[in-house]
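Quick notes on the structure that follows.
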2 protein chains.
Amino acid sequence: MNIGQAARASGVSAKMIRYYEQIGLIRPAERTDSNYRSFSERDVNDLRFIKRGRSLGFSVEEITNLLSLWRDHTRPSREVKAIADAHVSDLRARIAEMQAMADTLTALSEGCAGDDRSDCPILIDLAEGPKPRAARIEDHNGATS
Amino acid sequence: MNIGQAARASGVSAKMIRYYEQIGLIRPAERTDSNYRSFSERDVNDLRFIKRGRSLGFSVEEITNLLSLWRDHTRPSREVKAIADAHVSDLRARIAEMQAMADTLTALSEGCAGDDRSDCPILIDLAEGPKPRAARIEDHNGATS
DNA sequence: CGTAGGGCTTCCCATGATGGGAAGGTCAAG
DNA sequence: CTTGACCTTCCCATCATGGGAAGCCCTACG
């Protein structure tokens, strides 16, 4: 199986296959007499594993670990779960961050006419920093943050 | 004002200030006799603008546009709003993507004992691809997706 | 006044995952 | 035997950021 065929079969681009080989994520492929890489079904399965891992947002480094856990069927599921859970935490943290950005911007955009006038709370916020959000009445009671 | 002082005053690292200058995001700073960059209050304000924009997830390119809109007070808010809204769409799309990843992984992780046994649905999913979700009963009625 | 330490300058390199493209070898079909 | 599609390696670019080296400058202290 050529690299192109392996690419089509796995959904991983030929460029990426070479890259994964180069960084040691996959074993160096066999070579034909003419120096073409030659892939087995098993190689393609590994590539599919990698592809799926990437689509779940795992870094190549995490996939390296997951792949070695997968190959060694005696390893405890604890290790796999730890990697996955750490990744989920990471995802959720980044989601929260981006959600906050989106919410802030949405609020600012709603206050922006979006017409010919130049007045725009978005620019004001960028220039002057975040305006304190509508103060909650409870806060007057001296609860120090 | 030295670059270090400007960095402290704006929250943008000296490295980044030089970079922003290099790519033309900010005007080249004045220089002292000894070739040190010299920043004004106005420069620092620009840096704060940039900093705030980055913290809202705008790319440097988007900030370039926002900054020029900010400097030209005659421009219509429509343009600003368009940039912001496009960015919000982008954020929301990426959030949805990551949310889907996190949800999938959470479900898989819940099915994983995380103990000494090697059996683990996470690895199975990675190796074999996504399992069809628990089929909803309504779906038996032939509603084609 | 001399020197030490900290700040500044530029320049190069690295990150992570991906793609683009050039130059050249190979293979299969016509 | 030629043509076109494929393969090989190598280099470059992305985006925003940091690390670090080599060398100049400035200030404060003895």
Side-chain angles (χ1 to χ4, degrees), chain A residues 1-26 28-39 43-44 46-67 86-87 90-91 94 97-98 101, chain B residues 1-26 28-39 43-44 46-67 86-87 90-91 94 97-98 101:
Chain A
M1 212 173 189
N2 273 345
I3 198 173
Q5 297 169 308
R8 260 158 285 159
S10 65
V12 178
S13 76
K15 275 277 198 207
M16 279 301 103
I17 295 176
R18 293 194 196 97
Y19 172 70
Y20 292 152
E21 183 183 73
Q22 187 202 321
I23 64 174
L25 175 52
I26 55 180
E30 304 280 303
R31 297 295 184 129
T32 67
D33 290 350
S34 54
N35 204 30
Y36 282 20
R37 284 177 185 79
S38 178
F39 297 85
D43 295 328
V44 172
D46 283 1
L47 288 170
R48 279 198 268 254
F49 185 105
I50 292 165
K51 166 96 181 171
R52 174 89 181 126
R54 290 292 300 133
S55 82
L56 287 174
F58 286 106
S59 70
V60 165
E61 196 186 356
E62 286 165 328
I63 294 174
T64 306
N65 294 324
L66 290 170
L67 206 46
H87 180 50
D90 192 65
L91 282 171
R94 287 193 283 150
E97 217 175 299
M98 295 171 71
M101 293 177 187
Chain B
M1 211 173 191
N2 273 345
I3 198 172
Q5 298 169 308
R8 261 158 287 160
S10 65
V12 178
S13 76
K15 275 280 201 206
M16 278 301 103
I17 295 176
R18 293 194 196 96
Y19 172 71
Y20 292 151
E21 183 185 73
Q22 188 201 319
I23 64 173
L25 176 52
I26 55 180
E30 304 283 301
R31 298 294 184 127
T32 67
D33 289 350
S34 56
N35 204 30
Y36 281 21
R37 285 178 186 79
S38 178
F39 297 86
D43 294 329
V44 173
D46 283 0
L47 289 170
R48 278 199 268 255
F49 186 104
I50 293 165
K51 166 96 180 171
R52 175 88 181 123
R54 291 290 302 135
S55 82
L56 287 174
F58 286 106
S59 71
V60 166
E61 195 186 356
E62 287 166 327
I63 294 174
T64 307
N65 295 322
L66 290 170
L67 206 44
H87 180 49
D90 192 62
L91 282 171
R94 287 194 282 151
E97 218 176 296
M98 295 172 72
M101 293 177 186

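The nucleotide whose nearest atom lies closest to any side-chain atom of B:Ser13 is, among D:dT9, D:dG18, C:dT9, D:dG18. Relative to the side chain of B:Arg31, the nucleotides C:dC11, C:dA17, C:dT9 differ in distance, and C:dT9 lies closest. Side chain of B:Ser34, nearest nucleotide from C:dC27, C:dT9, D:dC26: D:dC26. The side chain of A:Lys15 has D:dC11 as its nearest neighbour among D:dC11, C:dC8, C:dT9. Distances were taken from every side-chain heavy atom of B:Arg37 (C-beta onward) to each of C:dT9, C:dA17, C:dC8; the shortest belongs to C:dT9. The nucleotide whose nearest atom lies closest to any side-chain atom of B:Tyr36 is, among D:dA16, C:dT9, C:dG7, C:dG7. For B:Val60, counting side-chain heavy atoms from C-beta on, the closest listed nucleotide (D:dA16, C:dA17, C:dT9) is D:dA16. Here the nucleotide nearest the side chain of A:Tyr20, chosen from C:dT18, C:dT26, D:dG19, is C:dT18. Side-chain proximity of B:Met16 to D:dC7, D:dT17, C:dG7: nearest is D:dT17.
Across A:Ile63 and A:Phe58, no two heavy atoms sit closer than the pair CG1-CB, 3.7 Å. For the pair A:Tyr20 and A:Ile50, the tightest heavy-atom approach, listed with the atom from each and the gap, is CE1-CG2, 3.6 Å. The two residues B:Met1 and B:Ala9 come nearest to each other via the heavy atoms CE-CB, 3.7 Å.
Atoms CE and CE, on B:Met98 and A:Met98 in that order, are 6.0 Å from each other to the nearest 0.5 Å.
For the pair A:Ile17 CD1 and D:dT9 C1', the computed distance is 16 Å after rounding to whole Å. Atom CD of B:Glu61 is separated from atom C1' of D:dT14 by 12 Å (rounded to the nearest Å). Here C:dG16 presents its P atom at 14 Å from CZ of A:Arg94, a figure rounded to the nearest Å. The interatomic distance linking B:Phe39 (CZ) with C:dG7 (P) rounds to 16 Å, in whole Å. Rounded to whole Å, atom P of D:dC6 lies 19 Å from atom CG of A:Asn35. The CD atom of A:Glu62 sits 12 Å away from the P atom of C:dG16 (whole-angstrom rounding).
For B:Asn2, a side-chain nitrogen or oxygen approaches OP1 or OP2 of C:dC8 to under 4.0 Å. Distances shorter than 4.0 Å separate none of the side-chain N or O atoms of A:Arg18 from OP1 or OP2 on D:dC10.
Comparing B:Arg8 and A:Phe58 by the nucleotide of DNA chain C that holds the closest heavy atom to each, the one mapping nearer the 5' end is B:Arg8.
Remark: the B:Tyr19 side chain and the D:dG18 base include no donor-acceptor N/O pair separated by less than 3.5 Å.
When each of A:Val12, A:Asp43, A:Ile17 is paired with A:Ile26, the side-chain contact (heavy atoms from CB on, under 4.5 Å) condition holds for A:Ile17 and for no other.
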